[in-house]
Protein chains: 2
Amino acid sequence: MSDKQPKKKIPQMTISRLARYLNCLSLLPEEYDKEISSKELAARIDLKPTQVRQDFHHFGGFGQAGYRYKVEDLIIGLERILGLDNLQNMIIVGVGHLGQAVANYRKFERLGLNLVGLFDINPRLIGLTIRDIRVRDIDDIPEVIKEHKVSIGIITTPADVAQETANLMVINGIKAIWNFSPKNISAPHNVVIQNEHLSVGLMTLSYKLKTATEEYNTK
Amino acid sequence: MSDKQPKKKIPQMTISRLARYLNCLSLLPEEYDKEISSKELAARIDLKPTQVRQDFHHFGGFGQAGYRYKVEDLIIGLERILGLDNLQNMIIVGVGHLGQAVANYRKFERLGLNLVGLFDINPRLIGLTIRDIRVRDIDDIPEVIKEHKVSIGIITTPADVAQETANLMVINGIKAIWNFSPKNISAPHNVVIQNEHLSVGLMTLSYKLKTATEEYNTK
DNA sequence: TATATTATGTTAGCAATTTAACAAAGGAGT
DNA sequence: ACTCCTTTGTTAAATTGCTAACATAATATA
């Protein structure tokens, strides 16, 4: 009944929600240790139960009518769908504060995402060790990618070198790029890109704040 | 014709795109200094021209039939819609790497967002100065909020203190919270919240990578 | 001046997503 | 065993959001 291969294209919003479900499940308190209903899960992330079931339905569902969901099954199923069930190696280029913040992100290991390299051009950073990984010069990138079969590249450089960093990654065979620089980067279409533009979130917050106060003022 | 008050609720996706338009316009090269068409703008962020015009239409449009858009008008109009036209003061709580990365984000000033306080509990960080702002103890938060009429609070603390940090902000009158901790925080409904869950982006990337390689393998 | 071209604003049709409704299935209590 | 309650899977309706088509307007060119 479960882990059915989806025939149709899955909506982007569904994928984001699956990630949120998984995130939510991983920080569940004790009392939900074993089972959870779509109603309870939905409430925790401010959605309707139907939405949860419909999202799961794209993949054939994770439970059985009458039962509640087994938390363990959900986690395993979601991880498989999201491609977190087999190990991927990653590198980070740009070891400023943002790069170090990402490098220290504790959840990577649990998700099967393995950090194997840190790179910068700043000589003062090279040689520094973060979470047992030594910061190396960007000239060493090709070597590390090949040695560790790196599939994911994380760009936390300044905007003006983001594109050339991406090019370097692509040339050496990286298949996925997580880009934190404000500039959109381009790559061949067989390389997947996830842009993480912080300003979008902040502007959205600003808009919400504005409309909320407007509503308040006109009431 | 422009800056009409929208009667209907604006889709969340439209707001995100407005932010992306503004971001795109601010990094435009010289040749587009004065004018840009919906076609050109759309191409830069991988959308269709109709989408751009439709998004603008919610607010009455920013141009005139026949003309192209004036870049300056677009920027001013988008800033007004997004609430970036009047100054807002912000504080950051949690001055780890992520907090420092956010604090060093250069674009705040241009967007009318003014950082006025940095806070942490770690005595080794207190007293440190970042961008002319001294890191203070979290006990000083109420004082700074009142003194500077702070409206936006940024949470870059560890997950286990995120909720109490939010509570402290809310009690002291903060109206908007930008939350970087992986836990969803709750607040009264007159306080707006923007959760920035990095894991969602990474999981999305992982999903894309998985489906891309699957397609490649079955071809 | 007339015409072709390019542009935006606007409306309507279409596609996609969300929500609601219901059938099937298990557990609890009588 | 039977009924009631809760739950998931599934289908259908309703809603929302996107795209295409077109009217209007300006510029450039002949």
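Below, chains carry the letters A, B, ... as their sequence lines are ordered, and counting in each starts from 1. Note that this is a predicted model, so its numbers are computed, not measured.
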Rounded interatomic separation in angstrom, taking CZ from B:Phe56 and C1' from C:dT11
19 Å
Hey, could you give me each pair passing salt bridge (Lys or Arg N to Asp or Glu O under 4.0 Å) that has a residue in residues 10-26 of chain A? Not counting sequence neighbours.
A:Arg17-A:Asp55
Between B:Thr14 and B:Ile10, is there a donor-acceptor pair closer than 3.5 Å when you use the side chain of the first and the backbone of the second?
no
In whole angstroms, how far is the P atom of C:dT18 from the CD atom of B:Gln12?
13 Å
If you measure from the Lys or Arg side-chain nitrogens to the Asp or Glu carboxylate oxygens, is any gap between B:Arg131 and B:Glu109 under 4.0 Å?
yes
Can you find a side chain N or O atom of B:Arg17 that sits less than 4.0 Å from OP1 or OP2 on D:dC18?
yes
Kindly write out the residues that satisfy side-chain hydrogen bond (donor to acceptor under 3.5 Å, both in side chains) with B:Lys107, not counting sequence neighbours, or none if the list is empty.
B:Asn23
Apply side-chain contact (heavy atoms from CB on, under 4.5 Å) to A:Asn184 and list each qualifying residue two or more places apart in sequence or on a separate chain.
A:Asn195, A:His197, B:Ile45
Is there any protein nitrogen or oxygen under 3.5 Å from a nitrogen or oxygen in nucleotides 13-16 of chain D, and what are the pairs?
none

What is the distance, to the nearest angstrom, from the NE2 atom on A:His58 to the C1' atom on D:dT10?
12 Å
With sequence neighbours excluded, what pairs up with A:Lys175 under the side-chain contact (heavy atoms from CB on, under 4.5 Å) test?
B:Leu209
Assess whether one donor atom and one acceptor atom, taken from the side chain of A:Gln51 and the base of C:dT19, lie less than 3.5 Å apart.
no
So which nucleotide from C:dT8, C:dA20, D:dT19 ends up closest to the side chain of B:Ser38?
C:dT8
Of the options C:dT8, C:dT10, D:dT8, whose atoms approach the side-chain atoms of B:Tyr69 most closely?
C:dT8
Atom-to-atom span, NZ of B:Lys48 to P of D:dG17 - whole angstrom
18 Å
A correct 5'-to-3' footprint of nucleotides 21-30 of chain D, with B, S and - meaning base, sugar-phosphate only and no protein heavy atom under 4.0 Å, is B--BBSS---
Shortest non-hydrogen contact from A:Gly99 toward A:Ile92:
O-CD1, 3.9 Å
From the set D:dC18, C:dT18, C:dT10, return the single nucleotide nearest to any side-chain atom of A:Met13.
C:dT18
Could you tell me how far apart B:Lys34 (NZ) and C:dA7 (C1') are, to the nearest whole angstrom?
20 Å
Ignoring hydrogens and angles, tell me if any N or O in the side chain of B:Gln51 forms a donor-acceptor pair with the backbone of B:Lys48 under 3.5 Å.
no
Return no unless some side-chain N or O of B:His57 is found under 4.0 Å from OP1 or OP2 of C:dT10.
yes
C:dT6 P sits how many Å from B:Lys39 NZ, rounded?
8 Å
Quickly work out the A:Ile10 CD1 to C:dT18 P distance and round it to whole Å.
12 Å
Could one point to a donor on the side chain of A:Gln54 or the base of D:dT10 with an acceptor on the other under 3.5 Å away?
no
Would A:Lys34 and A:Glu72 satisfy salt bridge (charged side-chain N to carboxylate O under 4.0 Å, His left out), going step by step from the backbone distance to the final call?
CA-CA 7 Å; A:Lys34 299 233 180 296; A:Glu72 195 59 26; over 6 Å; no
Heavy-atom nearest pair, B:Ala212 first then A:Val192, reads CB-CG1, 4.0 Å
For A:Arg68 and C:dA28, give me the distance from atom CZ to atom C1', rounded to whole Å.
14 Å
